[in-house]
Amino acid sequence: GSFEDALGNYSDSAWAYSCSVMPGPAAPGAGNSGILVPHSNAPGCGWSWLRQYVPAIGNGETWTLSGWCANFTWMWADPYSGFRFGKKDAQGNLSFNTAALQNTGSWTFLSVTNTFTVAPGDTVFVECDPGSVSGLGSNPVFAMFDGVELVSLSTDISGSDRGMHLHLRPNPVMDRLWVAADEPLLE
């Protein structure tokens, strides 16, 4: 969601970051605050990133990551910035999926979908990638992010209780699939 707590105050507590971040303007319809993340190579910052680990994403699942992104100091620096998924393996090595990118000073809604191959000990993460600028100039330059959302597109039942027996009965005439269980379903 937005970078706010339950009271509407700015909060980045769910995120890890490599360079200092700060509150920024909100994206359309995304609450009161966005977040400003320095571009990589901005003054006082090397490789910049804003990341949230999502251990709930499992092997074979498909997820969509979406949200709003813009360059705060557009015209001074307009690198490509955006969103992407990545994976941290059991040894701590990082790999990255394809990113959804933009390079303007206008809020742009971005979306990217990935299916994951996750081994034991791997953790999927989402990353707000602020992009890179050249040199170490004197002007602070930032990418803005807001309204970040994850949606599962997976349709399997791999995470269900292995002891529970599901009974599936298709009804092609009505374009429905009826699902019943031996016990009440909680999810």
Where do [X] and [Y] come nearest, in terms of heavy atoms and distance?
X	Y	answer
Val21	Pro38	CG1-CD, 4.5 Å
Pro120	Ala90	O-CB, 4.2 Å
Pro25	Leu36	CD-CD2, 4.3 Å
Ala26	Gly31	CB-O, 3.2 Å
Ala100	Val112	CB-CB, 4.0 Å

Thr115, Asn114, Thr113 screened by side chain to side chain contact (heavy atoms under 4.5 Å, CB included) with Leu153, the one that passes: Thr113
What distance do [X] atom [atom1] and [Y] atom [atom2] have between them, rounded to the nearest 0.5 Å?
X	Y	atom1	atom2	result
Met144	Cys128	CE	SG	12.5 Å
Ser48	Tyr17	OG	OH	11.5 Å
Leu150	Leu65	CG	CG	5.5 Å
Lys87	Phe96	NZ	CZ	12.5 Å
Phe125	Trp15	CZ	CH2	11.5 Å
Glu4	Ser33	CD	OG	5.0 Å

What about [X] and [Y], same hydrophobic cluster or not, with Ile/Leu/Val/Met/Phe/Trp/Tyr joined at side-chain heavy-atom distances under 4.5 Å?
X	Y	answer
Leu101	Val148	no
Leu94	Trp49	yes
Val118	Val126	yes
Leu50	Val54	yes

Trace of the side chain to side chain donor-acceptor pair (under 3.5 Å) decision for Ser66 with Thr64: CA-CA 6 Å; Ser66 61; Thr64 295; over 6 Å; no
Answer whether the closest heavy-atom distance between the side chains of [X] and [Y] falls below 4.5 Å.
X	Y	answer
Glu149	Val151	yes
Asp5	Tyr10	no
Arg51	Asp129	no

Among Phe3, Trp68, Phe83, ring pair (Phe, Tyr, Trp, His ring centres under 6.0 Å) partner for Phe145: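 That would be Phe83.
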State whether the side chain of [X] and the backbone N or O of [Y] hold a donor-acceptor pair below 3.5 Å, judged by distance alone.
X	Y	result
Asp146	Cys69	no
Glu127	Gln52	no
Thr108	Ser106	yes
His39	Phe142	yes

Asn59 and Thr117: CA distance, side-chain angles, deciding distance, side chain to side chain contact (heavy atoms under 4.5 Å, CB included) verdict: CA-CA 5 Å; Asn59 189 46; Thr117 302; 3.9 Å; yes
Worked verdict on Ser81 versus Gln102 for side chain to side chain donor-acceptor pair (under 3.5 Å): CA-CA 6 Å; Ser81 54; Gln102 64 79 46; 2.8 Å; yes
